[in-house]
Amino acid sequence: MSKYRGDFPAIRALMRDGEIHRDLYIDQELFQLEMEYVFGASWVYVGHESQIPNPGDYYTTTVGLQPVVMVRDADGAIHVHYNRCPHKGTKIANEICGNAGKFFRCPYHAWVFRFDGKFLGMPLRGGYEDVGFERSEAALGLTPVGGSHNYRGFVFARLSPLGPGFEEFFGESLSSIDNMVDRSPAGRLEVAGPPLRYMHNCNWKMLVENQTDTCHPMVAHESSAGTAIEVWKRAPEGTPKPMAVEIFAPFMSPYEFFEKMGIRIWENGHAHTGVAASIHSNYSAIPGYFEKMAAAYGETRARAILDENRHNTVYFPNTMIKGPIQLLRLFKPISAGKTLVESWTYRLVDAPDLLLERTQMYNRLINAPTSVVGHDDCEVYERAQEGLHTDGNPWVNLQRLYREEEAEERNVVTNGTNEWPMRNQFRAWLKFMAVGMGA
Amino acid sequence: MSTPTNQELIDFVYREARLIDQQRFDEWLGLFAEDARYWMPLEWEQTDPTLVGSLLYEDKMLLGIRVERLKGRRTYSQKPKSRCHHVLQAPQIESRDEAANCYVLWTPQHYVETRVDEQTLYASWATHTLAIEDGALKIKLKRVDLVNCDAAFGNIQLFM
């Protein structure tokens with residue numbers, strides 16, 4: 001029996017001011033609906049242009065639950081299509097990264113398609129004369145997603161042909177991508193190898209919420225970051241501080257540090273932590289880097305780019321980027337209780353390699369399935385996913401620093417421990433559900 | 001010990017796995033040279049541990065943090081604790097260079113990690129690069145290549 005499909009008032013009732021009903025995390029029907037309406041109308045990150053540098057290069061992934069293929073055309077344009085042959089459904093591209101040659105050729109019956117999706121032909125074409133093929137779905141070729149947009153190398157797609165435009169969806173939040181890309185003296189990023197892939201038995205929204213949760217590091221990560229600090233204290237006097245300790249130690253910063261670091265709220269669920277400063281602010285300077293930046297941008301502009309130390313920028317619904325260390329995490333929903341986290345790293349073109357070394361170390365230490373920080377995060381999410389199945393209390397509390405007026409505000413800065421960004425995500429969620437359900 | 005016999009090298013690899021399985025992590029850490037690395041690549045036949053991602057690439061200090069963390073009162077992901085189990089195929093001597101004090105062994109292994117009702121099997125090849133230091137064999141590099149290094153994994157909390 002359907003509990004939520006076609007019943008927006010029932011969904012609206014799952015959200016109070018600062019309280020969220022557990023069904024948003026555990027109900028599989030709601031999960032299906034949010035895949036259709038939230039992931040359908042949002043601009044979701046697909047991949048980076050550097051993954052497909054040459055004509056015919058493709059990358060296969062998912063947007064929400066939908067398999068898609070991102071491909072580079074002969075003229076350099078990037079197209080995003082649903083990944084199925086219009087004939088019988090066979091995935092047209094099957095490697096994660098590959099090259100299709102001059103056109104897509106289905107491995108089943110050799111139907112061929114241009115990279116823009118247009119149908120080119122099939123063997124024994126005579127068999128399709130006078131059968132009405134030209135009026136069939138198949139004759140339309142590969143189905144493109146509703147829209148795709150390449151922003152400074154980052155390719156996003158909107159599955160639905162209807163929905164907000166790219167700029168309208170992101171607003172001022174694109175400044176975080178700008179800052180990450182501007183950190184390259186050449187103004188360009190390249191994907192640096194495969195992502196770490198970490199499976200979590202919890203709802204995707206728990207992971208997204210946690211990206212702006214600044215009241216958990218000193219608690220959940222005491223066992224890892226706290227131990228790192230203790231071990232480091234025992235090092236002989238004069239030992240240079242290792243990069244790993246620089247990465248771990250700020251997780252144990254006191255609440256006051258996180259309060260002061262600030263959070264900026266944008267529309268459509270986007271926000272970032274680390275306005276005034278962040279856990280990335282006090283990393284050692286990399287020799288030769290500033291000189292390259294100053295040569296490329298001039299000293300004043302270079303300093304402005306590098307003084308921006310945004311911590312986590314959340315792009316609703318399921319992406320987070322860390323500008324200062326060139327990292328992107330994609331929270332790929334699989335079911336109400338299962339999420340695949342991909343953590344991607346990027347090389348700043350024309351910058352010293354030591355920056356990429358730090359990026360890779362950060363990713364290993366914090367985001368890997370073997371990471372001691374990741375272990376405790378995963379543990380608390382999975383315990384929450386199990387705990388929410390109890391019938392004692394169906395509500396999740398997100399009231400920290402709640403104000404009634406906040407719902408109408410955007411592009412503002414608030415206390416760094418505010419749970420406003422999480423409430424902001426759920427307001428965006430509800431908005432897209434309402435639009436999708438015609439409410 | 002000045003020059004290890006092949007049997008001594010092989011015994012060392014078996015003993016290392018045994019110390020992990022018996023959770024004698026302080027003794028296990030003692031098997032590593034001060035400048036040792038423990039590497040679990042992310043890519044098939046990966047050659048670069050620093051500019052390409054890896055599951056693990058840790059020095060002795062970071063391994064020490066892991067060992068210490070496992071004993072911690074607030075190590076939530078180890079409440080309850082994990083256990084693990086190695087099955088090693090006979091370690092093979094890949095190379096021995098007495099002049100360079102460098103001995104390399106190659107060992108296919110199955111590793112099982114459990115936590116309460118969950119039990120996960122990982123298949124991998126362990127490559128040990130060993131050297132004699134202060135009269136004892138030490139690990140300079142332990143490299144563990146998972147057969148499915150590029151797969152999505154849940155928590156891997158102990159040592160393969």
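Chain identifiers are assigned alphabetically (A, B, ...) following the order of the sequence lines, protein sequences preceding nucleic acid strands; residue numbering begins at 1 within each chain. Below, all heavy atoms of this structure are taken into account, side chains as well, without hydrogens, waters or symmetry copies.
- Contact of B/E43 with chain A is made through the side chain alone, with heavy-atom distances under 4.5 Å.
- By the 4.5 Å heavy-atom criterion applied to side chains, B/M61 and A/V231 are counted as neighbours.
- Looking at heavy atoms from C-beta onward, A/R364 lies in side-chain contact with B/Y57 at the 4.5 angstrom threshold.
- Heavy atoms closer than 4.5 Å to chain B are found in the side chain of A/L365, but not in its backbone.
- Within 6.0 Å of atom CG in B/D97, more than 12 heavy atoms from other residues, nucleotides or ligands are found, so the atom counts as buried in its surroundings.
- Note that the OG atom of A/S223 and the NZ atom of B/K71 stand 14.0 Å from one another [nearest 0.5 Å].
- At a 4.5 Å heavy-atom cutoff, the contact between A/E357 and chain B is made by backbone and side-chain atoms alike.
- In this structure, CD on A/E379 lies 7.5 Å from CG on B/N155, to the nearest 0.5 angstrom.
- In this structure, the portion of B/D150 lying under 4.5 Å from any heavy atom of chain A is its backbone and not its side chain.
- In terms of heavy-atom pairs under 4.5 angstrom with chain B, the leader among A/D353, A/N367, A/V341 is A/D353.
- Taking OH of B/Y76 as the reference point, atom NE2 of A/H221 lies at 11.0 Å (rounded to 0.5 Å).
- The local environment of NZ in A/K91 is sparse, with at most 12 non-hydrogen atoms from other residues, nucleotides or ligands closer than 6.0 Å.
- Heavy atoms of other residues, nucleotides or ligands lying less than 6.0 angstrom from NE2 of B/H85 number 12 at most.
- Contact annotation for B/Q46: neither backbone nor side-chain heavy atoms come within less than 4.5 Å of a heavy atom of chain A.
- Ranked by heavy-atom pairs under 4.5 Å with chain B, the first of A/Q360, A/M199, A/R358 is A/Q360.
- Most heavy-atom pairs under 4.5 Å with chain A, from the set B/L70, B/L51, B/T75: that is B/L51.
- Contact detail for B/A152 and A/L340: the closest heavy-atom pair is CB-CD1, 3.5 Å.
- Counting all heavy atoms, side chain and backbone alike, A/D376 lies closest to B/S77 at OD1-N, 2.9 Å.
- The distance from the CZ atom of B/R66 to the OG1 atom of A/T227 is 12.0 Å, given to the nearest 0.5 Å.
- In terms of heavy-atom proximity, A/P194 sits nearest to B/V52 at CD-CG1, 4.2 Å.
- Contact record, B/G154 with A/Y198: C-CE2, 4.0 Å, taken as the closest heavy-atom pair.
- In this structure, B/I156 CD1 and A/T370 OG1 are separated by 6.0 Å, a value rounded to the nearest 0.5 Å.
- The contact between B/L62 and chain A is made entirely by side chain atoms (from C-beta outward), counting heavy-atom distances below 4.5 Å.
- Contacts of A/P242 with chain B are made by side-chain atoms alone, with heavy-atom separations under 4.5 Å and no backbone atom involved.
- For B/R96, the CZ atom counts as densely surrounded, since its 6.0 Å shell holds more than 12 non-hydrogen atoms of other residues, nucleotides or ligands.
- For A/N363, no part lies under 4.5 angstrom from a heavy atom of chain B.
- The two atoms that bring A/R383 and B/K79 nearest to each other are NH2-O, 3.3 Å, heavy atoms only.
- Considering only heavy-atom pairs separated by less than 4.5 Å from chain A, the leading option among B/S54, B/G72, B/G53 is B/S54.
- Within a 6.0 Å sphere centred on NZ of B/K60, heavy atoms belonging to other residues, nucleotides or ligands number more than 12.
- Other residues, nucleotides and ligands place no more than 12 heavy atoms under 6.0 Å from the CG atom of A/N282.
- When the shell of 6.0 Å around CG of A/L65 is examined, it contains more than 12 heavy atoms from other residues, nucleotides or ligands.
- For chain B, no part of A/A235 is nearby; none of its heavy atoms comes within less than 4.5 Å.
- Contacts from residues 318-325 of chain A to chain B, taken as heavy-atom pairs separated by less than 4.5 Å, involve no residues at all.
- Of the N and O atoms on the side chains of A/S224 and B/R69, not one donor lies less than 3.5 Å from an acceptor on the other residue.
- Within 6.0 Å of atom CD in B/Q92, more than 12 heavy atoms from other residues, nucleotides or ligands are found, so the atom counts as buried in its surroundings.
- Taking chain A as the reference chain and counting heavy-atom pairs below 4.5 Å, the highest number among B/R115, B/E58, B/Q78, B/M160 is found for B/R115.
- Residue contact with chain B, scored on non-hydrogen atoms closer than 4.5 Å, involves the backbone and the side chain of A/H375 alike.
- Contacts between A/A228 and chain B at a heavy-atom distance below 4.5 Å involve backbone atoms as well as side-chain atoms.
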